[in-house]
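Report on the following structure.
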Amino acid sequence: MSKVSIIGAGFVGSTIAHWALISGGCQVVLVDVVEGLARGKVLDLMQSGPIAGHSVDAIGTSDMAETANSDIVVVTAGVARKPGMSREDLVQVNAGIVGGVVEQIVKLSPNAILLMMTNPLDTMTYLALKKSGFPRARVIGQAGVLDSGRMRAFIALETGISPENIHTTVLGGHGDEMVPLVRYSNIAGVPLAYFLTDEQIAQIVARTRDAGAEIVRYLKTGSAYYAPGAAACRMAQAIIKNTHEIYPAAVYLQGEYGLRDICFGVPVILGKNGVERIIELDLNEAERAALMRSADSIRSTMAHLRY
Ligand code: APR
């Protein structure tokens with residue numbers, strides 16, 4: 001039985017705990033600095049187990065010590081984006097929170113795989129890598145599973161075809177400069193252009209880039225959590241079950257895609273060791289230029305990072 005700890009029992013953290021209990025195969029520890037918050041949420045989640053038919057193997061606590069010897073630690077601790085606030089605006093405040101949390105994780109679970117959720121995602125993943133000193137295979141940011149899932153949903157809505165048949169690849173940073181790769185997206189192996197006009201595809205790409213902000217505009221206070229929670233759980237399950245599924249994820253690059261010393265969304269194979277392999281896609285000039293713009297945007301956010 002794997003031990004999965006989730007730091008931060010807010011909207012994203014508690015949604016991940018819910019998905020993790022439904023998916024099974026792990027003990028869940030949910031932690032929050034706010035006294036009683038994680039405990040209350042876990043009691044509620046546990047009590048849904050007998051009714052919905054899922055595991056009740058969970059602990060809610062404000063004590064990080066309970067996370068000791070975790071196999072996976074999911075970090076959601078931080079402040080969520082407010083309307084009008086870019087992910088970049090978040091960097092200062094969340095760097096302080098994430099840095100402190102990672103220091104504790106290193107002491108308590110030196111062999112854990114870190115799954116980062118806190119925004120600005122690519123920068124927080126970089127911070128976690130540097131603070132932890134963990135090998136890059138064990139520090140992974142969740143962004144591409146969410147962004148490609150959003151693109152799949154929009155294609156499904158537009159075509160009326162099951163999202164199960166829709167495959168999309170969204171690389172780069174988890175921001176406005178993310179790179180949905182139309183050429184590496186398809187419906188049951190058939191290129192998108194068979195089902196959609198150029199204009200429809202362009203609209204889907206634009207909506208995918210704006211999807212997080214679109215939700216923030218409606219919610220007004222807070223940001224998305226159902227799909228981010230599902231995405232984190234997908235990745236955690238791939239690691240726990242050693243499935244070797246390919247997902248886009250933010251990982252530390254050392255020359256891949258011509259990039260160095262940056263955490264950036266690229267396709268990876270996930271397994272019990274975390275990132276088992278980084279896959280380098282063959283990109284055309286326009287795609288490569290879009291990826292470089294995305295990397296520049298991340299670097300400008302990283303410039304605000306103090307650690
Ligand atoms: N240790 C543990 N929990 C913490 C700490 C800490 N040091 N600092 C803050 N928290 C907790 C807060 O008390 C809060 O309950 O993190 C939780 C964050 O939850 P929400 O404010 O509900 O934010 P949420 O919507 O869950 O988003 C969390 O994920 O997707 C990203 O942009 C999002 O960065 C944000 C993060």
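Remember, it's 1-based here, ligands and their atoms both numbered in the order they're listed. Quick note: numbers below take in every heavy atom, side chains included, and nothing from hydrogens, waters or symmetry partners. As the structure is a computational prediction, the values presented were derived from the model and not from experiment. Residue numbers start at 1 and run along the sequence shown.
Of all atoms in ligand 1, numbered sequentially from 1 with element shown, those under 4.0 Å from a heavy atom of Val34 are 13 (O). Close contacts between ligand 1 and Gly78 involve ligand atoms 9 (C), 16 (O), 18 (C) [criterion: under 4.0 Å to a heavy atom]. Per-residue contacts place Asn94 under 4.0 angstrom from the following atoms of ligand 1 (heavy atoms of the residue considered): 34 (O). Of all atoms in ligand 1, numbered sequentially from 1 with element shown, those under 4.0 Å from a heavy atom of Met117 are 29 (O), 30 (O), 31 (C). Counting atoms of ligand 1 from 1 in the listed order, those under 4.0 Å from a heavy atom of Leu37 are 15 (O). Within ligand 1, the atoms closer than 4.0 Å to a non-hydrogen atom of Gly8 are 3 (N), 16 (O), numbered from 1 in the order shown. Which parts of ligand 1 touch Val79 is read off a 4.0 Å heavy-atom cut-off, strictly below it: atoms 34 (O), 35 (C).
The hydrophobic cluster containing Val91 also contains Met116, counting ILVMFWY residues as joined when their side-chain heavy atoms lie under 4.5 angstrom apart, directly or transitively. Val251 is connected to Met292 through a chain of hydrophobic side-chain contacts under 4.5 Å among Ile, Leu, Val, Met, Phe, Trp and Tyr, so both are in one cluster.
Inclusion of Ile97 in the set of residues having an N or O under 3.5 Å from an N or O of ligand 1 is not warranted. Residue Thr118 has no nitrogen or oxygen atom sitting less than 3.5 Å from a nitrogen or oxygen atom of ligand 1, judged on distance alone. Taking distance alone, with nitrogen or oxygen atoms compared against 3.5 Å, Phe11 approaches ligand 1 more closely than that limit.
When heavy-atom distances to ligand 1 are checked against a 4.0 Å cut-off, Val12 comes that close through both its backbone and its side chain.
Leu121 does not count as a contact of ligand 1, since none of its heavy atoms falls under 4.0 Å from the ligand.
Counting only distance, with no hydrogens or angles, the side chain of Thr76 and the backbone of Met117 share no donor-acceptor pair below 3.5 Å. No donor-acceptor pair under 3.5 Å is formed between the side chain of Gln47 and the backbone N or O of Asp44. Not one N or O on the side chain of Glu66 forms a donor-acceptor pair closer than 3.5 Å with the backbone of Asp63.
Looking at Ser5 and Thr67, their side chains never bring a donor and an acceptor atom within 3.5 Å of each other.
Ring pair His54/His18 is perpendicular by interplanar angle, where above 60° counts as perpendicular and below 30° as parallel.
The nearest non-hydrogen atom to atom 2 (C) of ligand 1, considering only Ile16, Leu219, Val33, Thr15, comes from Val33. In this comparison of Thr76, Asn119, Thr221, Leu146, the heavy atom closest to atom 34 (O) of ligand 1 sits on Asn119.
A salt bridge does not link Asp147 to Arg152: none of the charged nitrogens lies less than 4.0 Å from a carboxylate oxygen. Note on Arg136 versus Glu256: salt bridge recorded, some NZ/NE/NH1/NH2 to OD/OE distance being below 4.0 Å.
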